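Please read the structure below before turning to the comments.
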Amino acid sequence: MTYYVTTPIFYVNGSPHIGHAYTAIAADVIARFKRLDGEDVRFLSGTDEHGQKVEKAARDAGLDPQAFTDRVSAEFRTMLTTLNISNDDFIRTTEPRHKAGATALWEKLFAAGDIYLGHYEGFYAVRDEDFYGEDDLTTLPDGTRIAPTGAPVEWVREPNYLFRLSAYQDRLLAHYEANPDFVGPAGKRNEMLAFIRGGLNDLSVSRSSFRWGIPVPNDPDHVMYVWLDALANYITALGYPAEDTALWRFWPANLHLVGKDIQRFHAIYWPAFLMAAGLPVPRRIFAHGWWTIDGAKMSKSVGNVVDPHDLVAKYGLDAVRFFLLREVPFGNDGDFSHRALVSRFTTELANDLGNLAQRFLSLIAKNCGGLLPEAGPRTEADSELLAAAEALPASLREKIDRQALGEAIEDVWRVIRAGNAYIDHQAPWALRRTDPPRMAHVLRVLADVQRIIATVLLPFMPASMDRMLDQLGVPADQRSFAALSVPLADATKLPPPQGIFPKMVEDTDAKS
RNA sequence: GGCGGCGUAGCUCAGCGGUAGAGCAGGGGAAUCAUAAUCCCUUGGUCGGCGGUUCAAAUCCGUCCGCCGCUACCA
């Protein structure tokens with residue numbers, strides 16, 4: 001089975017922050033999980049590089065738009081590398097393949113009669129080069145209206161191409177009805193439905209007030225409005241309009257992962273564009289929440305914007321990946337703080353998971369000559385623990401399929417806690433005297449359980465769990481769910497145990 | 001204003017018709033293999049207020065209070 005998962009393409013008018021990192025990590029976990037589960041996976045990320053804001057940001061930076069986007073796009077690529085994101089492709093909307101595909105999509109919609117020449121009108125602030133809604137405006141005592149920025153606005157009317165969104169209201173509703181899982185989380189789905197039921201207006205899909213965009217076919221005065229351009233990336237990266245290529249098998253996407261602020265574009269406009277183009281729509285769109293920092297909204301003016309590179313440098317990549325997905329039910333908003341991260345790391349990674357491995361591995365090293373012990377007859381307690389571990393791949397699959405990443409981690413932790421209880425109750429250090437074969441068996445049960453734990457956690461913490469599997473003597477080509485059915489060879493030589501998650505040393509003088 | 005959601009132990013949350021649960025934090029004990037890490041037991045809640053339906057309500061309905069989201073062209 002194919003599985004196609006995407007991040008949004010990141011808008012290059014600013015540098016990467018924790019929000020971008022969050023989307024990328026979550027999508028990466030899902031992509032890695034599906035690969036581990038034997039699926040044929042395509043994982044796409046990229047950058048969204050057109051539009052007035054980019055044009056302006058480039059001008060402010062004293063660069064031409066292409067040079068500017070080259071630079072910022074590279075920052076996002078670097079972020080993905082830093083975060084160990086396993087995307088198969090990275091698309092930029094300024095690439096020829098994208099421009100060609102987006103142009104083809106436009107032509108298709110135009111030919112179908114769903115794009116027509118009309119006009120867009122609204123309150124426009126020349127100083128801000130931006131349109132404003134009536135609700136945003138303030139009327140001064142002398143009757144002039146001003147934007148929130150203080151800039152005076154005027155009513156302008158601009159010729160524009162419009163997309164016949166209104167014609168798709170019923171088809172969208174029917175699709176939502178027939179596919180209850182089309183949009184997640186459920187609350188967001190209701191918002192989308194309410195929006196559609198409220199009536200859809202046609203959508204302006206071109207602009208003539210700036211130049212930095214893909215030219216509208218046969219009308220060079222216009223460029224495509226950024227959303228039509230941007231959303232098309234999900235198919236242009238598969239080679240659209242060519243539908244006979246090897247990559248096209250991945251369409252429709254299984255999952256568009258997005259931030260909650262851009263959900264409407266993905267859950268309403270994008271399916272309508274696809275319907276108009278005669279293409280199947282994505283199977284699911286899931287919106288995740290936002291992070292506050294120490295309880296405060298992240299903003300440039302407050303100066304609390306978190307740079308992913310700084311986080312990784314300070315805490316280590318897998319600690320960050322784990323924290324972001326563990327701390328909060330996926331889909332909810334969360335709060336990031338040093339204290340919370342360190343607490344999660346210490347109790348769950350160091351004490352629960354890391355220490356469990358260290359406990360039985362050091363016993364194997366000392367009492368079994370560092371060789372993986374043989375299994376013996378099972379007691380009820382053995383079977384119970386093993387069964388709980390063996391159930392993990394299936395239970396995680398179900399949770400990953402509804403993007404319940406936090407619940408998936410919780411499932412694993414239940415087994416980890418059971419593992420710590422098991423080793424305490426079995427007390428292999430006492431069996432060493434009284435019943436050495438039973439001791440060997442207990443240690444083997446723990447090794448087998450830990451192997452499953454480390455395997456199912458690979459998508460979340462790839463580098464750390466690879467090291468844990470090294471410690472368990474699992475060959476590099478035996479790290480998949482399918483491989484779990486093949487037991488490790490008895491007497492496999494294990495390397496000397498080494499802590500995977502050494503505790504973070506708190507800087508007691510952090511203020512200086 | 002309209003539509004929707006939430007309010008459960010100190011904290012973060014699960015439960016969504018059958019007389020309250022998890023993790024963390026707090027208290028007591030055990031063990032000593034281990035990153036002084038673990039395990040066992042335990043304190044703690046009139047499940048936002050008030051009414052109603054029901055043999056039975058965090059769980060359904062109404063209402064009030066308090067938060068939050070969406071309400072179109074702004075990634």
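Letters go in sequence order (proteins before strands), and every chain restarts at 1. Just so you know, these numbers come straight off a predicted model, no measurement behind them.
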Applying ring pair (Phe, Tyr, Trp, His ring centres under 6.0 Å), name anything that partners [X], two or more places apart in sequence or on another chain.
{"X": "A/H175", "answer": "A/F182"}
{"X": "A/Y120", "answer": "A/F131"}
{"X": "A/Y269", "answer": "A/F265"}
{"X": "A/F286", "answer": "A/F330"}

Inset, instruction - Please work out if A/I9 contacts a base, only the sugar-phosphate, or nothing of the nucleic acid, heavy-atom cut-off 4.0 Å. - result: nothing
Inset, instruction - Report the distance from atom NE2 of A/H50 to atom C1' of B/C74, rounded to the nearest whole Å. - result: 19 Å
Sequence neighbours left out, what pairs pass salt bridge (charged side-chain N to carboxylate O under 4.0 Å, His left out) with at least one residue falling in [range]?
{"range": "residues 257-274 of chain A", "value": "A/K260-A/D333"}
{"range": "residues 191-216 of chain A", "value": "A/K188-A/E191"}
{"range": "residues 355-376 of chain A", "value": "A/R359-A/D424"}

Inset, instruction - For RNA chain B, produce a single dot-bracket line, 5' to 3'. Pairs: Watson-Crick or G-U wobble, both distances under 3.5 Å. Symbols: ( ) within strand, [ ] crossing, | other strand, . unpaired. - result: ((((((((.[[[[.).....]]]].(((((.......))))).....(((((.......))))))))))))....
Legend entry - Sugar-phosphate or base contact per nucleotide [nucleotides 29-41 of chain B; S, B, -; heavy atom under 4.0 Å]: ---SBBB-BBSS-
Legend entry - Contact letters for nucleotides 1-15 of chain B, in which S counts primed atoms plus P, OP1 and OP2 and B counts the base, heavy atoms under 4.0 Å: ---------------
Legend entry - side chain to side chain contact (heavy atoms under 4.5 Å, CB included) involving A/A388 - partner list, sequence neighbours excluded: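 In terms of side chain to side chain contact (heavy atoms under 4.5 Å, CB included), with neighbours along the sequence ignored, A/A388 is linked to A/V415.
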Inset, instruction - Would you please indicate if the ring centroids of A/F345 and A/Y315 are separated by under 6.0 Å? - result: no
Legend entry - ring pair (Phe, Tyr, Trp, His ring centres under 6.0 Å) pairs, two or more places apart, involving residues 188-216 of chain A: A/H50-A/W212
